[in-house]
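Naming: A, B, ... by sequence-line order, numbering from 1 per chain.
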Number of protein chains: 2
Amino acid sequence: MSPEQTPEASGKSLFSLQRRERLMEELRAHGAITVRDVAARLGVSELTIRRDVNILADEGLLSRVHGGATLPSPLDRTAAGTRQHANRHCIGMVVPSLDYYWPQVISGAREAADEQQVRIAVRGSTYDAADNRRQVQALLDTQNIDGLIVAPNMTGPAGQELLRWLNSLPIPVVLAERRSPAEIPAHRLEWVATDHAFGAGMAVRHLWQEGHRKIGCMTDSASPTSSHVVRGWEQAMSALKIPVNASVSEDSAGILGADRGEHFDRILQLCHETQTTAMLVHSDTQAVAFVQHCVDRGIDVPGSMAVVGYDDEVAYLAEPAISAVRPPKRYVGRVAVQLVSARLSEGRNRPVHRIELNPDLIVRESSVGGPRAAADYAMEDSL
Amino acid sequence: MSPEQTPEASGKSLFSLQRRERLMEELRAHGAITVRDVAARLGVSELTIRRDVNILADEGLLSRVHGGATLPSPLDRTAAGTRQHANRHCIGMVVPSLDYYWPQVISGAREAADEQQVRIAVRGSTYDAADNRRQVQALLDTQNIDGLIVAPNMTGPAGQELLRWLNSLPIPVVLAERRSPAEIPAHRLEWVATDHAFGAGMAVRHLWQEGHRKIGCMTDSASPTSSHVVRGWEQAMSALKIPVNASVSEDSAGILGADRGEHFDRILQLCHETQTTAMLVHSDTQAVAFVQHCVDRGIDVPGSMAVVGYDDEVAYLAEPAISAVRPPKRYVGRVAVQLVSARLSEGRNRPVHRIELNPDLIVRESSVGGPRAAADYAMEDSL
DNA sequence: CCTGGAATGTTCGAATCTGAATGTTTCGGA
DNA sequence: TCCGAAACATTCAGATTCGAACATTCCAGG
């Protein structure tokens, strides 16, 4: 650059903006400056430099210290933006699991919270309504919570009661991956949810395009999303004129360990009988186990049995890698935070929002290539 | 370049544009200029230079300082965000009407456009699919449109074709007050719409709470929202165990002028026969006419006939003032713009959003007080 | 030749910037 | 803990610059 003599001292005076830029340059170069040095170097009075330092500190571009200034420090309590820290809102978040599906939702929520300048307090819970309520209550008790994001269990009377309770809270509540039914008086509840029915339909249409004409469905009725997956599967099947009643549709709720082998064998038998060549498997942990079982039994995936998983948490780990429907988990968290935040700042005038997001279909090995030409039973009614 | 004598002082005066170019040259050469210097050099008054500086600062080409100008500086608070001004996005908006319902939607869209720093170009159209397409095409032809907000007619083959065309456009498209059906391949289309079914249900429940036990519905099948209103009315009626089949449900599409009197008389007759004491009337222009007709016929509103309108455009003008469901029109516009804007900045990774907003019920005179105690026929099966 | 509008210039009170004077706070060593 | 020096805040004044209102000039078109 031009580190010759002080070009400022040579008669030419600077505009205030240029002076502040010079000041920032010095600051960036040395990490800290003294008022006296800078004043001497720029040929102005110390008072002027102090004023500049104040202006820049107000914009958060540096931290004031006695005698000068340093680069912005997080320890600087007076720093710009810190002021809101005190009264910035805090959103409580209660999710049913901290190791499956929800970590990404939380991650998205944290991103949005940073952007929206709100704090966020997360608690893990279970898929049990009573525990959901306990965790929410714990949040409300311990912290100053201005809004809530919850993914409660909504089934049965306990679920309905929980919903009603959430609806009656004096703070905004947003459901994540849950929909408040129109029937019960929970119309004040906003929600953001993935359109799992659409995701299931996408999977079915994908399998159809790959040449499969009998497409089964394996679900886990214990999961709140399962009903939507089944509905989407049925709708897509109807649209494609595949008889739903004659198709394989199995529930794997609560089947674990040794039972699982039997269960899968039974399903494979059903597929054989109905000439089903493709399965949509809800929860891709289940899909991974199913593919593993197929491989163990010598059934080629995808040649004899194509598989599409749901959730895309672990589907890529299987061998062969499993195609899966991927819900926009990060966005579910993001949007939930945005909803709460907007509600907090806009108040009652803002209408209740209900938001559905479309998932993606991630195509991997387990579903491409279509029914194998030499398959023992899959050819008969393929195109 | 040309540092010869001052070619300006030598009699020749410059056009303003040339003068500003010279100014920018000086600025680039020295990094900063003083108004006084430039004024002297170019042989014009200081005020003129100040005006030039203001103009150039507005375009973000320099930063104003007391006494002159510098090259654009990040420290210049007033310049922040102005830089995007040049390449900021432009959203096209095509609405079916410019005098009913949509002005408020447009107004909300403009608000959001200001906030999001995007421009917006609105065109009025009609409720005809062919004209919708013409107007969209006109927008695309004449302007540099980066995204679209449309409220098309989606009925019939022409509507389906229009939807497909919109879906195939290379720019983001958001439907306003319309829902893309899951069936046809328009799944890339995002939308924001009022939940009119919820609004109708709210009206029915309100009338029920006011004591009405037979609640009719008058709609205009020519309007795209009408089907949702009817659906909401039916759902609420079922939930309240009011037989839908035995209730008054009339379509007033295309009935104008003199015919209207007869039509209303016929509906009033039906209400009398079925002991219906309350009507939900879609489009509150219709509601105003209906209430006027009732008053003319000596039927007390709300005593003998309670009325709730829909849309809340003119409902407050009637005598008595009419209760009405008020869709969040401004928010429909706001959210639509936000959707397009977010899509433009986030691209494909962002999942497709579909957003429903709840309307409000504005209670006025026409629906409060319940069926009149002395009503000729309304008492028999009230509570 | 006139006229209307755009660009430019003049005037003058208001706003801004800077630095000196003065009183107050903070820091670091005794 | 106290004290003195340095750093800081506050106020005021002088100089400069800004900008609104009005006047002037220039130019195209009737």
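Following rounding to the nearest Å, A/His66 (NE2) and D/dC8 (C1') show an atom-to-atom distance of 7 Å. Between the CZ atom of B/Arg36 and the C1' atom of D/dC18 there is a distance of 13 Å, rounded to whole Å. The CZ atom of B/Arg50 sits 12 Å away from the C1' atom of C/dT11 (whole-angstrom rounding). Rounding to whole angstrom units, CG of residue B/Leu17 and P of C/dA6 are separated by 17 Å. Rounded to whole Å, atom P of D/dA6 lies 18 Å from atom CG of A/Leu47. Spacing between atom CZ of B/Arg19 and atom P of C/dG9 amounts to 7 Å, rounded to whole angstrom units. With rounding to whole Å, A/Asn54 atom CG is found 14 Å from C/dT18 atom P. Between the CD1 atom of B/Ile55 and the P atom of D/dC18 there is a distance of 15 Å, given to the nearest Å.
Each of D/dC18, C/dT18, D/dC8 was ranked by its minimum atom distance to the side chain of A/Arg64; first place goes to D/dC8. You'll find that the side chain of A/Ser16 is closest to C/dT18, out of C/dG9, D/dT17, C/dT18. Of the candidate nucleotides C/dG19, C/dG9, D/dA9, C/dG19 has the atom nearest to the side chain of A/Thr48.
Residues A/Arg51 and B/Asp52 each lie close to DNA chain C; by heavy-atom proximity, the contact nearer the 5' end of the strand is made by B/Asp52.
Within a 6.0 Å sphere centred on CG of A/Asp141, heavy atoms belonging to other residues, nucleotides or ligands number more than 12.
B/Arg110 is listed as a side-chain neighbour of B/Ile120, based on a closest heavy-atom distance under 4.5 Å. A heavy-atom distance below 4.5 Å is found between the side chains of B/Pro327 and B/Tyr101. You'll find the side chain of A/Leu148 stays beyond 4.5 Å of the side chain of A/Met93, heavy atoms only.
Across all strands shown, B/Val53 has no heavy atoms under 4.0 Å from either base or sugar-phosphate atoms.
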